[in-house]
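The structure appears below as structure tokens.
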Amino acid sequence: MALYCVGRAVRYVSVFFVTSSIWSLAWAVTRYSIPEEMEEGSVVANLATDLGLHVGGLAERDLKLDILHSKTYLGVNKETGELYVLEKIDREHLCTMKTSPCLLKMDVTIKNPIRMFNIELEILDINDHAPNFRKETMPLDISESALPGERFSLNNAVDPDVGTNSIKTYTLSESDHFNIEIQRGSDGTKYVDLVLKKALDREKQAVHNLILTAVDGGVPARSGTASIIVRVLDTNDNAPQFDHQVYSINITENSPIGTLVLKLNATDLDDGPNAEIIYSFTLYTSEKTQEMFTLNSNTGEIKVKDVVDFEEIKILEMHIQAKDKGHHPLSGQCTVMLYVTDVNDNYPEITIKSFRSIVKEDTPVGTVIALVGVGDRDSGDNGKVDLSINKQLPFMLNKSSESDFELVVSELLDRETVPTYNIMLTVTDRGMPPLSDNETIILELLDINDNAPQFPKSFYTIPVMENNAPVIAIDTDSVQNSRVTYQFLQIPDATLFSLDQYNGEIRTTRMFGYRDPRHQRLVVVAKDNGDPSLSATVTIKLSTVEHVVKAFAETSEVPLEYDIFSDLNLYLVIGLGSVSFLLMMTILVTIVLKCQKPKPTKPTPPCRNSVVSQRSSTVADSTLVSNDAYWYSLFLAETRKGKVVVRQPIPKSARYVSVYLVMSFMWNMAWAVTRYSVPEEMEEGSVLANLASDLGLSARSLAERELKLDILHSKKYLGVNKETGELYVLEKIDREYLCPSKTSSCLLKLDVIIKKPIRIFNIELEILDINDHAPNFRRETMHLDISESALPGERFSLNNAVDPDVGANSIKTYALSESDHFKIEIQTGSDGSKYVDLVLKKALDREVQAVHDLILTAVDGGVPSRSGTASIIVNVLDTNDNAPQFDHQVYFINITENSPLGTLVLKLNATDLDEGPNAEVMYSFTLYTSEKTQEMFDLNKNTGEIKVKDVIDFEDVKILEMHIQAKDQGHQHLSGQCTVMVYVADVNDNYPEITVKSLRNSVKENVPIGTVIALVGIRDRDSGDNGKVDLSMSEQLPFALNKSSEYDFELVVSESLDRETIPEFNIILTVTDRGVPPLSDNETITLELLDVNDNAPQFPKSFYTIPVMENNAPGSLLSSVTAFDPDFHENQYLVYFILEKEILNTSMSMLFSINPENGDLYALKTFDYEREKEFLFHIEARDSGVPPLSSNVTVHIIILDQNDNTPVIVSPWRAHGSVVEEIIPRSIDKGYLIAKVIAIDTDSVQNSRVTYQFLQIPDATLFSLDQYNGEIRTMRMFSYRDPRHQRLVVIAKDNGDPSLSATVTIKLSTVEHVVKAFAETSEVPLEYDIFSDLNLYLVIGLGSVSFLLLMTILVTIVLKCQKPKPTKPTPPCRNSVVSQRSSTVADSTLVSNDAYWYSLFLAETRKGKVVVRQPIPKSGGYIVSSIPRSTGLTETSNSAASTLQVRRIFH
């Protein structure tokens, strides 16, 4: 055995040395070069020859070609040793980066012995790709304001080929405006820019179509094209233009609002918002014109907005501006001249300048009654008027001037024939159609005593009713002298009584209070309307009583006693109680009848004496207080005329218009107009002229002839000295206030009227203007925003100055402070107004001067001249005329690879001299920046910060070139560019790599020492010391590393292996570079040891005890007896056997069986604990190795008891299914033992423990059951309520799982006394007091509630079904008025006999009057008695005095 071990060890060592000598050859790299796209099967080289291998042994040595790529491009013919093409090689797919050279690396591995060869195959590029543009069409938007020389980046073409086969140049199709420039990047890539060589004009050519061609340097050359569509963006360089500069339009006055006057049309050659036009009025258009017309800002439609009146204005001038919506809007202007055509739209007017409303009936023929003036605001025939009067009147019109007429008496007048004349003056113009107006003047004739009295008959019989109207005074005079008015001369309390001054009615204004005295004394005076007036007085003594009493002939002061609780108070109390009761009943009925629908009430019929009027009427009182037959006849005459007007009872002195003017009876003066001219602002008291001299009047007679100056204005500027006849200034005259419109002449018209005889003179005072106002600008400061792109000559409207003066005193010229950029131009409007425009004479540059402060001066033409100034602040609006500029054109930046994300690389700064959006710079990458670079860096478009966005790897790229563009936010963007060169510094950031080139994953555990397990290659992408690496292995492993070349190692077995000790090795290979700090990586190789059968099966324990529950099912699993074999596969597969043994002549195989594969032990029969309690036998486990190994274990089976027996009740005993009956006295005490239940269980231990509990019990408070001993006892004494018979059901349960139980029923009978036990228990009935007091109350309550419920339901049904009675309509008052329109109903108390007034009422209603009189209420009144006091006239008043005694009666 020792010799064998020594020999095997020597053999292993010799093998190890032989293998080491084979791998001692030096490693080398073999390189080949082939063009891409070679056909499949093409031979590349003969590997066997080049590597010095024998061709015949390639197949035996298992030559393997390992290509370090996802595809297998090459293969080796093992018969000839030739390397050939398996699949076409595409250089562009293999080497996506355009690097040179493109190498395909391979490892050739052979075995017996193992050798490895490194092969590099260089793939040469051929021109197999044409240049290709990523976008076939490149749209470019270029502003027409772009300057020649401006550059625009284009998308480059892409050619996957490299070297000379890549893109060589670009060409552009012929163009007058564009050419291209080619630039070369740091990596050799060619970039192309489109360069503007000639300015663009969108209005001439909006789109330019160009063709860009990319050509490579291959032979033959290949090319690709792309279409460039240059869209010329519009710049607002064209101002809107109107079709005409001046529009002349005729418009008829009074054109309807909304009438289209003119639709303007302005065109703009620009595009988009620059061509969208907004129309508006300029500052030259007056506010009045803008109020009269509306201008649609979008359509240019001018429509009538307000009334156009020819009489106010005849020519309207509108200055319209059309402004586009460009960023810096441009505008065009036009003038619209509107000529208003007159129409006959003004009615002629009549002015009654003087009028005598009352003349005597004997007025001579030729007497002037009135002076009438006529006029018409229209012009031409429309303004010529004719005046006429209604025919068949004794009057005529005499024309005293062109617009004045005299109304004179032409025939004798007679008051008795016609007492009043309604003279209608009609004025008619001569327009088409003619318009007319009229004025009615009422002339009343005064009576003269030209007729003797005449009676209709010689004898009159007149009945007079007693109690005729009191407090009525009668004056036998006529007309004015007979009109009587009444007023209190003495009254104790003015708040208690009122007196109608016209009809003499005395009424109470409020109710009597307890503070008011019982006796009142009133003195009333009645006055006529004569001159001097005469009067009479009457004294009325009033006495108030509580009840109706007889009238006393003479009233005396008698004190009255009050009954505190009088009948009235009683009635009030009764009434208050009744109303309260009715209110309560109403509320109750309303609640009950809430859901009832009321039937509509019948309409109230009109009363017998009501008047229904379909027109607006005034119902007034018409009490006749006089017996004058004249007024009664006049009343009847008015009603016969059918008038709807009912006159108020006014005094006769006010029935007619009483305007008295003392006039002359002769009008013999010819009419003329006298004109004076005076300057405004003359001092008060200044004499203007001598009217007496100029009008040929005597100054002495002016006062007598009552000279009157009538100024046709709201203010009285002038006065006349009636002593000297001089016209002088009363108040300073301000021409600008008097004539707000700037007319050439300002006239103040006056009429001078004198009497005795009446004459009228027309005076016109012309107010001459003086230079009392300086020009004034409405705005002291005018702000103008002008774009710096505005062209010289462009005009800008300014606010004009305002000077209220006219003529030479108005604004004459404007002057502007000195400026290099601006001047002004003055224009004169059609009304002579001066308008000023600010004109740009030199281009603006905001960057040089952003604000221009100018002073505009307006100077008038007065002597001395006055002036006003305004400040003009011109804000120069920025135009995007400056491109952003970077601080440097090229930035050089060093950055370390693997810089953290977000690291700031550079903050760019580009400045733009513009302002606002034009100076807001946005940063972006240009098309020259590669996509890979853009993926690695983030450029903040607002701040210009360049930050690391992705991992920067020195091994991928060493220099990065970024082309940055700074673009402003102007309407037409301008941009500047710069280049950022980023140089990447290498760091030790690449972990070294391990490549397992060949590996044996499993070996037998008895493998010899020195066996090669794996071939391992190492590398590091870093350079220098960062790329130098060392390989090591985890310690204490039975393996070793042997270096076969600079980057290759062998992993060999160095010690004996045991699979059962370590079945698998995780060999960690660690590679570490020499950088600072060093980086390392590891690779874990899992080596599995294959098993040999060198271990016998082993049970976990030598003795098993298995409990088995009795009554088990045959074939049930008892346990699993499993052995363990550390060997593997077939050496681990075990077979189990039960070693045969007999117990009580029964073989173990008859009682138990075991699964030979998994060791599961089964019972073949059912066991009973009461018969068999345990078994003991052996089990053997044997593996499947060669030779097989085995071992055995002892098994002890223990049978366990199960709850399979039910408890049996042995006490109290009863036959099967019968009930146990017990008799007990009712008088037993608490704790009395009724019975004891005993049950037994044949099971053992827990299963045999029995507990007791009630299953059914009638009263849980009466009996208790001990759950352990089964004793049933009473918990209290029996009461009379407890039934005589009790039924108890007791259940006995064991403690098994599940538990089993048995029950027993015990029937208890209670007796009052101890008697002998009955064989059979009988039911003894109990007698109860069925009808107790409580039941009686319950029955009575239930009956009452039921009765109330029934009655409620019946009442509800009756009320619900009842129909509501129709309410009687309220009877209307006997004398009421129902009017469909607004009406006024006045009271008219009749103070005389009812029959008389009733007949008078019928007579009046027949005449069509709308008068309704109320009767005196029967419930109250006055007892009036007249007591004469004297028969003659008093000395003081010359009037008759009497005493009228009045008593008020209450019911």
Side-chain angles (χ1 to χ4, degrees), residues 311 346 348-356 368-379 383-387 397-408 425 427 429 437 439 441 661-664 666-680 682 686-699 701-703 705-722 724-731 733 735 738-739 741 743-768:
E311 287 68 38
N346 291 285
E349 299 174 354
I350 300 176
T351 304
I352 307 298
K353 297 185 177 181
S354 180
F355 173 53
R356 297 173 62 187
V368 177
I369 303 301
L371 295 178
V372 182
V374 296
D376 194 320
R377 295 181 63 210
D378 292 324
S379 61
K384 296 178 180 179
V385 296
D386 299 312
L387 182 66
L397 291 168
N398 292 333
K399 190 171 185 179
S400 59
S401 67
E402 184 178 0
S403 60
D404 293 301
F405 290 85
E406 297 174 351
L407 179 64
V408 298
L425 301 173
V427 60
D429 62 22
D437 194 8
E439 181 76 21
I441 58 176
L661 296 175
V662 179
M663 298 183 180
S664 170
M666 298 297 295
W667 297 78
N668 54 8
M669 178 86 182
W671 290 74
V673 177
T674 304
R675 177 173 290 183
Y676 299 100
S677 298
V678 296
E680 62 175 329
M682 289 187 67
S686 302
V687 177
L688 304 182
N690 193 302
L691 282 181
S693 302
D694 296 338
L695 299 179
L697 302 175
S698 174
S701 63
L702 294 180
R705 299 185 67 178
E706 299 181 13
L707 182 142
K708 180 183 178 183
L709 186 63
D710 186 11
I711 302 176
L712 305 180
H713 200 271
S714 59
K715 288 188 176 183
K716 193 171 183 180
Y717 290 104
L718 304 173
V720 178
N721 189 331
K722 295 183 180 180
T724 61
E726 292 176 338
L727 181 67
Y728 63 93
V729 177
L730 281 177
E731 183 180 347
I733 302 174
R735 184 190 188 281
L738 187 64
C739 300
S741 59
T743 55
S744 58
S745 61
C746 178
L747 298 177
L748 180 63
K749 295 185 178 182
L750 305 86
D751 285 339
V752 178
I753 302 173
I754 59 175
K755 300 179 180 179
K756 300 177 183 180
I758 292 178
R759 291 187 64 184
I760 186 169
F761 301 94
N762 300 119
I763 307 294
E764 289 184 354
L765 184 64
E766 182 180 6
I767 310 301
L768 302 178

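- In plain terms, the two heavy atoms of Ser677 and Leu768 that are nearest each other are CB-CD1, 4.1 Å.
- Looking at every heavy atom in both residues, Asn690 comes nearest to Tyr676 through O-OH, 4.4 Å.
- Between the side chains of Asn346 and Asp376, not a single donor N or O lies within less than 3.5 Å of an accepting N or O.
- Side-chain contact check for Leu727 versus Leu709: some heavy-atom pair is nearer than 4.5 Å.
- Here the rule is side chain to side chain contact (heavy atoms under 4.5 Å, CB included) with Leu718, and of Leu730, Val678, Leu748, Ile763 only Leu748 fits it.
- Taking all atoms of both residues into account, the shortest heavy-atom contact from Tyr728 to Asn721 is CE2-N, 3.5 Å.
- A heavy-atom distance below 4.5 Å is found between the side chains of Leu425 and Ile352.
- Taking the side chain as every heavy atom from C-beta outward, Val408 and Ile369 never approach each other to under 4.5 Å.
- A donor-acceptor pair under 3.5 Å is formed between the side chain of Arg735 and the backbone N or O of Ile767.
- Here the side chains of Phe355 and Ile441 are in contact, with some heavy-atom distance below 4.5 Å.
- Side chains of Glu406 and Leu371 form a contact here, defined as non-hydrogen atoms less than 4.5 Å apart.
- Looking at Thr674 and Leu691, their side chains never come closer than 4.5 Å, going by heavy atoms from C-beta outward.
- Under the side chain to side chain contact (heavy atoms under 4.5 Å, CB included) criterion, Ala699 pairs with Ala692, sequence neighbours left out.
- Evaluation of the side chain to side chain contact (heavy atoms under 4.5 Å, CB included) rule for Thr351 yields Lys353 as partners, not counting sequence neighbours.
- No side-chain heavy atom of Val427 sits less than 4.5 Å from a side-chain heavy atom of Val372.
- Residues Phe761 and Leu697 have side chains in contact (heavy-atom distance under 4.5 Å, counting atoms from C-beta outward).
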